[in-house]
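Here's the structure we're looking at; comments come further down.
All values below were derived from every heavy atom in this structure, side-chain atoms included, with hydrogens, water molecules and symmetry-related copies excluded.
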Amino acid sequence: MLYYIRERHAFFQRHAFHTKKYVYFGCVVFLCLAMSGCGKSGEWEKHMVEETVYVEGLEKDYTFLFLTDTHVIIPNEDASPQEAENEAARMPMFVPESGISSAEQFPEWVRYANEVKVDAVLLGGDVIDTPSPSNLEWLAGQLAGLDMPYLYVNGNHDWTYPWEYMTQSGQETYLPLLQPLMGGNTAIHSLDLGELVLVGIDDSSNQVNEEVFPAYEEILREGRPMVVVAHVPFMTQSVLGKAKEVWSSPVVIGAGNYGGVYPNDTSEKFVSLTTAADSPVELVLAGHVHFYDKDVIEGERNVLQLVGGPGFQGQAILIHMTGKK
């Protein structure tokens, strides 16, 4: 497998912005993963955004691959007519111009993660489009091929079908199927890297799941630098503006008066804790909106939020975290 990075002068970007303690740098690069050799039929061009986050006091350097919204559909041989019709209708939505489906792309990301030797793979939800047996079996098999740990959070599609969207029965029937991939807890789970902790939380219903507490508060009290992985983004000026242009319904948590989702008490509590003056959260990752975004969640302390573009279009974020300036 040939990996190489190509700069495109019309698209290459480099920018930086500052908070009190940190400087963040980002650049956009294109990664070509040749399914049968670059420049030949089957070439698959990836749009990779690389971000570096400086965290005061961090002793080691870390690299994470963040991938979200691949919406993989593996045809289910035992599908009902309703399921088969849904698969046939939605599958073309997640095949980019290259003709290489998200199901074909994903193994290449696994190979890439193993080749680069990232410290962890972070998955921001909607990796699969429904909780069908074939999708779940495929997902478990793919994640088993990683040479490093992963942190997976569920999106609104991972555990729902269109005809049973966000229903109580759907939550009781399908959400538990994801527990083996999430440390047995779909509301909150974590990956402990010693001086750094990665925390996955469920906000797939457009509100933070109340079951994230009190575990989230306990992790915050430890005071170690934290990365939070969610599915639905939290309101920032940038992501709200873009979402209003792209989507006709609210798709970010916060600023209900301005087109976002009115947060309930649980979501407000989560954001307040995350942006508190003494919060150790350094980075929030999200997906859901199918475009890349970078901005800060405002509070007593501004917290960087990176929103990943759609994985089915070959987009991902490579994140470097370091204490070295």
Side-chain angles (χ1 to χ4, degrees), residues 66 68-71 90 93 122-131 151-178 182 185-189 199-213 215-216 228-275 281 284-293 295-299 303 305-311:
F66 178 57
T68 185
D69 296 278
T70 50
H71 287 273
R90 287 184 61 81
M93 300 178 186
L122 312 179
L123 299 157
D126 284 0
V127 175
I128 53 177
D129 197 55
T130 66
L151 188 76
Y152 172 81
V153 300
N154 55 281
N156 52 306
H157 285 277
D158 295 273
W159 61 275
T160 63
Y161 288 97
W163 53 88
E164 200 169 20
Y165 188 74
M166 296 292 170
T167 64
Q168 184 65 33
S169 62
Q171 185 175 15
E172 294 172 353
T173 303
Y174 303 117
L175 192 53
L177 299 176
L178 296 167
M182 305 170 75
N185 189 336
T186 59
I188 181 170
H189 55 294
V199 181
I201 63 104
D202 176 23
D203 67 351
S204 61
S205 66
N206 287 328
Q207 300 290 352
V208 174
N209 189 326
E210 62 182 5
E211 294 180 9
V212 305
F213 306 109
Y216 187 64
V228 173
V229 184
H231 180 63
V232 181
F234 298 94
M235 199 286 293
T236 71
Q237 296 296 328
S238 178
V239 76
L240 179 66
K242 292 178 184 177
K244 288 170 66 176
E245 294 179 3
V246 174
W247 301 94
S248 59
S249 59
V251 290
V252 302
I253 298 174
N257 290 337
Y258 298 94
V261 178
Y262 285 95
N264 63 13
D265 291 344
T266 302
S267 294
E268 287 186 341
K269 177 180 178 180
F270 180 86
V271 172
S272 178
L273 288 170
T274 300
T275 61
V281 178
V284 173
L285 297 171
H288 187 54
V289 292
H290 293 189
F291 57 77
Y292 166 79
D293 188 71
D295 201 355
V296 294
I297 305 169
E298 297 179 356
V303 176
Q305 177 174 258
L306 297 176
V307 179

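Residues W159 and P176 have side chains not in contact (no heavy-atom distance under 4.5 Å, counting atoms from C-beta outward). In this structure, E211 and I188 have side chains that are not in contact, with every pair of non-hydrogen atoms separated by 4.5 Å or more. Within the 4.5 Å cutoff, side-chain heavy atoms of N156 are placed close to those of M166. Taking the side chain as every heavy atom from C-beta outward, H288 and T68 never approach each other to under 4.5 Å. Considering only heavy atoms from C-beta on, L175 comes within 4.5 Å of N154 through its side chain. Inter-residue side-chain proximity for Y152 and V229 is flagged as unmet; no heavy-atom pair is nearer than 4.5 Å. No side-chain heavy atom of Q305 sits under 4.5 Å from any side-chain heavy atom of V303. A 4.5 Å side-chain heavy-atom check between V284 and F234 finds at least one atom pair inside the cut-off.
In this structure, CG on N264 lies 12.5 Å from CZ on F270, to the nearest 0.5 angstrom. A distance of 13.0 Å separates OG of S267 from CE of M235, quoted to the nearest 0.5 Å. In this structure, NZ on K242 lies 8.5 Å from CG on D295, to the nearest 0.5 angstrom. Between I201 atom CD1 and N185 atom CG the span is 12.0 Å, to the nearest 0.5 Å.
Across all their heavy atoms, R90 and D129 have their closest contact at NE-OD2, 2.6 Å. Nearest heavy atoms, Q207 versus V261: NE2-CG1, 3.6 Å. Taking both residues in full, the closest heavy atoms of V239 and T236 are given as N-OG1, 3.1 Å, listed atom of the first, atom of the second, then distance. Between H231 and V153 the shortest heavy-atom distance is N-CG2, 4.3 Å. Heavy-atom minimum distance, D126 versus H157: OD1-N, 2.7 Å.
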When you look at T274 and I297, which way does the side chain to side chain contact (heavy atoms under 4.5 Å, CB included) test go after all the steps?
CA-CA 9 Å; T274 300; I297 305 169; 5.5 Å; no
Please walk me through it: do H189 and L151 pass side chain to side chain contact (heavy atoms under 4.5 Å, CB included)?
CA-CA 8 Å; H189 55 294; L151 188 76; 3.5 Å; yes
Would you check, one step at a time, whether the test side chain to side chain contact (heavy atoms under 4.5 Å, CB included) holds for E268 with D265?
CA-CA 5 Å; E268 287 186 341; D265 291 344; 4.2 Å; yes
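Under the salt bridge (charged side-chain N to carboxylate O under 4.0 Å, His left out) criterion, D203 pairs with no residue, sequence neighbours left out.
In the model, T130 has no side-chain atom that pairs as donor or acceptor with a side-chain atom of Y174 under 3.5 Å. Remark: the T186 side chain and the D202 side chain contain no N/O donor-acceptor pair separated by less than 3.5 Å. Residues S169 and E164 have side chains that bring a donor and an acceptor to within less than 3.5 angstrom of each other.
Between Y161 and W163, the two ring planes are parallel [angle under 30°; tilted spans 30° to 60°].
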Cut-off 3.5 Å, no hydrogens considered: what does the side-chain donor-acceptor table look like for residues 246-258, sequence neighbours left out?
{"from": "W247", "atom 1": "NE1", "to": "V289", "atom 2": "O", "distance (Å)": "3.0"}
{"from": "N257", "atom 1": "OD1", "to": "Y262", "atom 2": "OH", "distance (Å)": "2.7"}

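A donor-acceptor contact shorter than 3.5 Å links the side chain of D158 to the backbone of V127.
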